[in-house]
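One structure is given here, and the rest of the page talks about it.
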Amino acid sequence: MRVESKGSEVQEPAPGAVMRALQLIPGILLCGAVTVVSLGVQAAEERAFDHPYIEALVVAILLGMAVRTAWQPSERWRSGIAFSAKQLLEVAVMLLGASISFAAIVASGYLLIGAIAVTVLIMLAVSFGLSRMLGLKPKLSILIACGNSICGNSAIAAVAPVIEADGDDIASSISFTAILGVLMVLGLPLLIPLLQLSATQYGILAGLTVYAVPQVLAATVPAGIVSTQIGTLVKLVRVLMLGPIVLGLSLLVARRRKLGAGGAKTVSISPFKLVPWFIIGFLALAALRSLQLVPDVAIAPVTRIAAVLTVVSMAALGLGVDVRVLSTVGGRVTAAVTLSLMLLLGLSIGLVHFFR
């Protein structure tokens with residue numbers, strides 16, 4: 001329907017877009033309910049013990065997983081859960097840019113940045129080689145290597161269309177990445193007292209080993225703001241490696257096509273697939289913060305909004321993980337993903353002790 005006014009026309013939103021937005025509401029409300037309970041648990045801990053021993057982020061993951069294990073969400077809920085797990089967490093990560101200055105990146109030193117890049121490249125080779133040794137197909141091995149070494153499901157999703165991976169390979173690699181990602185968030189803080197890690201060291205360790213950027217927040221919040229900032233910085237440098245890796249794979253695929261059947265279509269990659277939009281937004285806000293265009297008074301509310309959105313996203317993450325999927329995933333995939341993660345953890349622990 002159109003509304004005309006003095007020669008101009010104003011169009012109402014497309015019904016399809018409105019319907020899609022309405023379909024998100026049930027899943028978002030479900031994630032919001034889990035978030036409210038999780039924040040309530042943290043508030044009760046703070047009143048009882050003056051400090052939350054289990055952060056709302058972790059409570060949201062565990063509660064979401066419990067709900068998902070006991071109840072299979074129908075299609076009515078899934079779109080909103082998926083939106084909360086992806087788009088809302090990306091917004092949360094972008095907003096964090098307002099609290100980080102490029103001065104922190106420079107202060108971290110080129111040595112750390114170089115060490116992150118080398119770690120990613122080493123783990124790509126090791127994970128791929130390990131997967132092939134276990135008899136996995138080349139494309140599945142590439143997905144496992146990229147997911148383990150860079151940024152979990154996001155890397156798998158970005159690489160899969162480039163190498164033309166099939167649905168089974170994608171599902172196998174993503175399912176275990178989701179489960180191990182949650183286990184890393186829950187278990188990594190236990191290494192702080194065991195290895196006597198400083199806040200900076202733990203931030204580096206979390207940034208190097210945890211799969212997703214928002215999961216780094218969940219893993220580092222118990223260790224304090226310094227660990228959170230360092231962990232986010234290290235993880236973002238690691239995520240930025242996705243661009244060159246995807247570009248390199250796309251060129252390799254294009255070359256193999258050219259050497260194979262003639263006339264095959266070329267591979268085209270959008271710049272926004274090389275560098276996700278929320279990372280561009282994060283860097284833009286960090287630049288504004290560095291130029292002192294983001295006032296100090298705005299930092300606290302923006303950070304709080306990002307924290308709440310992250311809890312919502314962690315609730316959605318938990319709602320998307322069914323622990324029973326462990327019994328349906330092949331043993332070789334299980335071994336490849338788990339061993340790759342253990343090797344990454346060992347390499348990262350050695351690196352953080354170097355930065356002592």
Side-chain angles (χ1 to χ4, degrees), residues 13-43 54-95 147 151-158 160 167-186 210-218 276-278 305-329:
V18 174
M19 287 301 298
R20 286 193 295 271
L22 292 175
Q23 289 171 354
L24 299 176
I25 292 177
I28 293 175
L29 289 178
L30 177 60
C31 296
V34 174
T35 298
V36 170
V37 174
S38 302
L39 292 172
V41 170
Q42 177 173 312
I54 303 178
E55 302 286 340
L57 293 165
V58 178
V59 175
I61 295 173
L62 294 174
L63 182 57
M65 290 178 64
V67 172
R68 175 64 179 83
T69 301
W71 169 65
Q72 172 74 39
S74 65
E75 189 63 34
R76 176 188 179 189
W77 308 91
R78 290 175 191 165
S79 57
I81 292 173
F83 178 84
S84 300
K86 186 178 190 320
Q87 278 79 15
L88 291 186
L89 69 82
E90 291 174 348
V91 172
V93 172
M94 181 187 71
L95 292 177
C151 53
N153 292 346
S154 298
I156 293 170
D168 290 340
D169 290 346
I170 298 171
S172 296
S173 53
I174 283 182
S175 61
F176 236 86
T177 296
I179 292 174
L180 288 181
V182 172
L183 293 178
M184 284 295 292
V185 170
L186 298 176
V210 177
Y211 285 138
V213 179
Q215 291 176 348
V216 172
L217 303 183
W277 71 269
F278 65 95
I305 292 172
V308 172
L309 288 178
T310 303
V311 177
V312 175
S313 300
M314 292 301 102
L317 173 66
L319 287 166
V321 175
D322 185 354
V323 294
R324 291 170 295 189
V325 77
L326 285 168
S327 63
T328 65
V329 179

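Everything numeric in this text was worked out from a predicted model, so none of it was measured.
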Looking at every non-hydrogen atom in both residues, tell me the closest pair between V308 and T35 and how far apart they are.
O-CG2, 4.4 Å

Taking atom CD of Q23 and atom CD1 of I25, what is their separation to the nearest 0.5 Å?
10.0 Å

If you compare all heavy atoms of L309 against all heavy atoms of L88, which two are closest, and at what distance to 0.1 Å?
CB-O, 4.1 Å

Show the nearest heavy-atom pair for residues C31 and A316, with the distance to one decimal.
SG-CB, 3.6 Å

Taking side-chain contact (heavy atoms from CB on, under 4.5 Å) as the test, write out the residues that go with V36, two or more places apart.
none

For the pair R78 (side chain) and P73 (backbone), establish whether a donor and an acceptor sit closer than 3.5 Å, ignoring hydrogens and angles.
yes

Kindly list each side-chain donor-acceptor pair under 3.5 angstrom involving residues 58-65, sequence neighbours excluded, with atom names and distances?
none

Tell me, please, which residues at least two apart from R76 pass side-chain hydrogen bond (donor to acceptor under 3.5 Å, both in side chains).
none

Under 3.5 Å, is there a donor-acceptor pair between the side chain of S84 and the main chain of S313?
no

Just jot down the side-chain contact (heavy atoms from CB on, under 4.5 Å) partners of L24, sequence neighbours excluded, or say none.
I28, S79, F83

Under the side-chain contact (heavy atoms from CB on, under 4.5 Å) test, residues paired with A307 that sit two or more places apart
none

Over all atoms of both residues, closest heavy-atom pair of V34 and S38
O-OG, 2.7 Å

